[in-house]
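For reference, the structure is listed below as structure tokens.
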2 protein chains.
Amino acid sequence: MNIGEASKASGVGAKLIRYYESIGLIPEAGRTAAGYRVYSGNDVNVLRFIKRARTLGFSIERIQRLVGLWQDRNRPSAEVKRVALDHVAELEAKIAELRAMSDTLKELANACHGDDRPDCPILRDLAHEDGGAHAHHNGCHKATQGP
Amino acid sequence: MNIGEASKASGVGAKLIRYYESIGLIPEAGRTAAGYRVYSGNDVNVLRFIKRARTLGFSIERIQRLVGLWQDRNRPSAEVKRVALDHVAELEAKIAELRAMSDTLKELANACHGDDRPDCPILRDLAHEDGGAHAHHNGCHKATQGP
DNA sequence: CTTGACCTTCCAATCGCTGGAAGGCGCAGG
DNA sequence: CCTGCGCCTTCCAGCGATTGGAAGGTCAAG
């Protein structure tokens, strides 16, 4: 099985397979006399594993650990779970970050006329706000913040 | 005002200011006889605008358009709104993607004992699943998919 | 004059790919 | 045998948005 066949069988893409080898995610493949890489069915399984893990957003570093655990017949499932939950925590943090951005922008866009006039709360927010916290009804007066 | 002062005033970071200049996001700053960059209060406002826009996750490319619209007194707010809503759409798409990853992983992790035993539904999913769709009760039988 | 804090430029790394160029290999047809 | 096509090989470069470091010039104070 050469790299093109392994690519078709795994769905991973020949260049990506070579890349994964170069960074040590997969071991160096065997070679034919001519220098062609040779793959086994098991190699294809590893590639599929990696592909699925990437689909779930795991970093290469974590996938390395997951592959290692997968190969280890004596792995404690707790370790796998910890890797997964660490990743979940990062995903949730990222989601919260993007959620905050999106909500803020939706609010600003909602307040924008969206016509030919230049007045725009979106630009006003970007230009003026020091931190960007939306002020609702209590507006701009600095209130009890005297020096 | 040199780059360090502009950095402190804008909160942007001297290296990043130079980078923004190098990619054309901000115009080339004036220079002293010795070659030091010189900034005005307005430059600082632009930097703050950029910083806030980055906080909201806008790409450099979109920020360029936003800065252009900001400077244009005759801008139609509709254009600003469109840039913002395009970005919101991308944010929502990304959120949905991460949400799907996180939910799948939470489900798998929830089904994982997380103890010393090697059996683990997370690894089973990564290893075996062709697409990763969770099958619930209708399991593995290929049903009516005969050739 | 020396010190130290600034400034300058350029180069490299991050992360996960993806593309291209240049050259070798395998197999078919003429 | 030669040619062509499609595969394989390596290396290099770039994406986006920074961040870091090295090597060297400048400024103000002691």
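Heavy atoms only: backbone and side chains are in, while hydrogens, waters and symmetry mates are out. The sequence lines fix the lettering, A, B, ..., with proteins before strands; numbering per chain opens at 1. Just so you know, these numbers come straight off a predicted model, no measurement behind them.
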hydrophobic_cluster_shared for A:Val44 and A:Tyr36, side chain cutoff 4.5 Å: no
Is a side-chain N or O of B:Glu5 found less than 3.5 angstrom from the main chain of B:Asn2, in a donor-acceptor match? yes
Of all the nucleotides listed (D:dT26, D:dA17, C:dT8), which has the minimum atom distance to the side chain of B:Ile60? D:dA17
Between D:dG6 atom P and A:Glu5 atom CD, what is the distance in whole Å? 17 Å
Between A:Ile17 (CD1) and C:dT18 (C1'), how many Å, whole number? 14 Å
Starting from C1' on D:dC8, measure out to CG on A:Leu16 and report it in whole angstrom. 17 Å
Side chain B:Arg48, main chain B:Ala9, donor-acceptor under 3.5 Å: yes
Which residue lies toward the 5' end of DNA chain D, B:Val12 or A:Tyr39, if each is placed at its nearest nucleotide? A:Tyr39
Quick one, which residues of residues 18-31 of chain A touch DNA chain D with a heavy atom under 4.0 Å? A:Arg18, A:Arg31
Among C:dG26, D:dC27, C:dG16, the nucleotide that comes nearest once only the side chain of A:Tyr36 is considered: C:dG26
Tell me which residues in residues 83-99 of chain A put a heavy atom below 4.0 Å from DNA chain D, sorted by number, or none. none
Any side-chain N or O of B:Arg37 under 4.0 Å from OP1/OP2 of D:dT26? no
Nearest whole Å is fine: how far is C:dA13 P from B:Lys15 NZ? 15 Å
With axes from five pairs an end, tell me the bend angle of the helix from C:dC1-D:dG30 to C:dG30-D:dC1, nearest 10°. 40°
Can you check the B:Asn2 CG to C:dA5 P distance for me, whole Å? 16 Å
Calculate the interatomic distance between B:Gln64 atom CD and D:dA17 atom C1'; express it in whole Å. 13 Å
Backbone N/O of A:Ile122 and side chain of A:Asp125: donor-acceptor pair under 3.5 Å: no
Has A:His87 got a side-chain atom pairing as donor or acceptor with B:Leu105's backbone, closer than 3.5 angstrom? no
Do any N or O atoms from the side chain of B:Arg52 and from the backbone of A:Ala127 form a donor-acceptor pair under 3.5 angstrom? no
Heavy atoms from C-beta onward define the side chain here; which of C:dG26, C:dC6, D:dT18 lies closest to that of B:Arg54? D:dT18
Could you tell me whether A:Arg124 and A:Asp119 make a salt bridge, using a distance below 4.0 angstrom between a side-chain N and a carboxylate O? yes
Is a salt bridge present between B:Lys94 and B:Glu97, judged by a nitrogen-to-oxygen distance below 4.0 Å? yes
Linking I/L/V/M/F/W/Y whenever any side-chain heavy atoms sit under 4.5 Å apart, do A:Tyr39 and A:Ile23 land together? yes
When we call it a touch if two heavy atoms are under 4.0 Å apart, what does B:Thr32 touch: a base, just sugar-phosphate, or nothing? nothing
Contacts of B:Phe58 and B:Ala33 projected onto DNA chain D by closest heavy atom; the upstream (5') one is B:Phe58
Is the backbone of B:Ile3 close enough, under 3.5 Å, to the side chain of B:Ser7 for a donor and an acceptor to pair up by distance? no
A:Ile50 CD1 to C:dC17 C1', straight-line distance once rounded to whole Å: 14 Å
Rounded at 0.5 Å granularity, tell me how far CD1 in A:Ile50 sits from CZ in A:Phe58. 13.0 Å
Donor-acceptor contact present, side-chain B:Ser102 to main-chain B:Arg99, <3.5 Å: no
